[in-house]
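To start, the structure itself, in structure tokens.
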Amino acid sequence: MKRINIANSGFYTSEISLGCMRISEMTNKEISNLIHTALDEGIDFFDHADVYGGGKSEEKFSESIGMTPSLREKMLIQTKCGIRKSSFDFSKAHILEAVDGSLKRLQTDYIDVLLLHRPDALVEPEEVAEAFTILQDSGKVKHFGVSNQNPMQIELLTKFVKQRIVVNQLQLSITNTGMIDAGINVNMEIDPSINRDGSILDYCRLKDITIQPWSPFQYGLFEGVFLDNDKFPELNQKINELAVAKGVANTAMAIAWILRHPAKMQPIVGTTNADRLKDICKASDISLTREEWYEIYLAAGNKLP
Ligand SMILES: NC(=O)c1ccc[n+]([C@@H]2O[C@H](COP(=O)([O-])OP(=O)(O)OC[C@H]3O[C@@H](n4cnc5c(N)ncnc54)[C@H](OP(=O)(O)O)[C@@H]3O)[C@@H](O)[C@H]2O)c1
């Protein structure tokens, strides 16, 4: 498993991360097997959120492996806060309270990366700044980032927050490429030309913010998996053809396509299946040519101007 340098800051971790959003219904034995498979494959970065499984994902993660200081040291744990039942909340009080809850459930003294989960329309960046400073000074959080934010939202935050924003977690898969399409179809009167995210891809590259693509196998918003799906015949044919040629599974090809992008992104895979995870990790051993990357992009139904 190759390592990447998060935010070009000397913070190194596996280039593929395991997302823990779907683990809450698994048995402890299954979760433990998944986590140990990840570690054996070289994945040391685990993505959580306080809301996954209503807190159960964080709780069962540490419970299933019998979290110990030595196990904890082998891992980098990221979690998120800011989503409440019917609102988003980036207030100082909520951020501090949420982190304490995550620390308890994860049975740890510190979070490696804390992300603000979804933009809060009522954000007061001065409050976020105060919360981040308290969390950093107390040693509860080492690094800070955001999720689903556009460039101006990050600019607003960084006017007040003194810590670097090292991560922006965003939806990206071969069938969900809005942030790439807009850059290819500049100033045209077609739908892919619409810039829905304020050029977030280029912004993150400019600012050395690592993009973490979430749901890398899903089309739509959790509508399903595009691999082996009759809705995407041409795409699957191309992915399978390249996967066979390189001796990997189609899942590895889908992740290799993301890793080929020079923005050096860190995809967050959400499989709950240890065998599938092993297949996915092979993505780190292969590389795609420029032509292969574009062939997959076009097979997904995209067009070049
Ligand atoms: N920041 C945000 O707003 C946000 C939003 C959503 C997710 N996330 C993060 O991103 C992570 C990944 O999200 P995700 O779980 O939606 O991503 P994903 O990896 O695209 O999807 C995982 C799901 O797809 C299934 N799957 C994958 N390959 C398959 C195949 N070839 N055939 C059949 N099923 C297949 C998996 O089933 P198996 O379990 O059976 O393999 C699992 O149910 C989450 O865990 C979370 O950490 C963040």
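Residue numbers run from 1 in the order of the sequence given. Note: hydrogens, waters and symmetry copies are ignored here, and every other heavy atom, side chains too, is used. Counting starts at 1 for both ligands and their atoms, following the listed order.
- Applying the side-chain contact (heavy atoms from CB on, under 4.5 Å) rule to E30 yields the partners M26, T27; only residues at least two apart in sequence or on another chain are considered.
- For ligand 1, the 4.0 Å heavy-atom shell takes in G19, C20, M21, R22, D47, Y52, K80, H117, S147, N148, Q169, W214, S215, P216, F217, Q218, F222, V225, T251, I268, V269, G270, T271, T272, N273, R276, ordered by chain and residue number.
- Not one N or O on the side chain of D47 forms a donor-acceptor pair closer than 3.5 Å with the backbone of T79.
- For the side-chain contact (heavy atoms from CB on, under 4.5 Å) test, residues two or more places apart in sequence or in another chain that qualify with S14 are M1, R3, I43, D44, F45.
- Note on ring orientation: taking the six-membered ring where Trp is involved, the planes of F222 and W214 are tilted (angle from 30° to 60°).
- Evaluation of the side-chain contact (heavy atoms from CB on, under 4.5 Å) rule for S70 yields T68 as partners, not counting sequence neighbours.
- For the atom pair CG of L201 and CD1 of I209, the computed distance is 12.0 Å after rounding to the nearest 0.5 Å.
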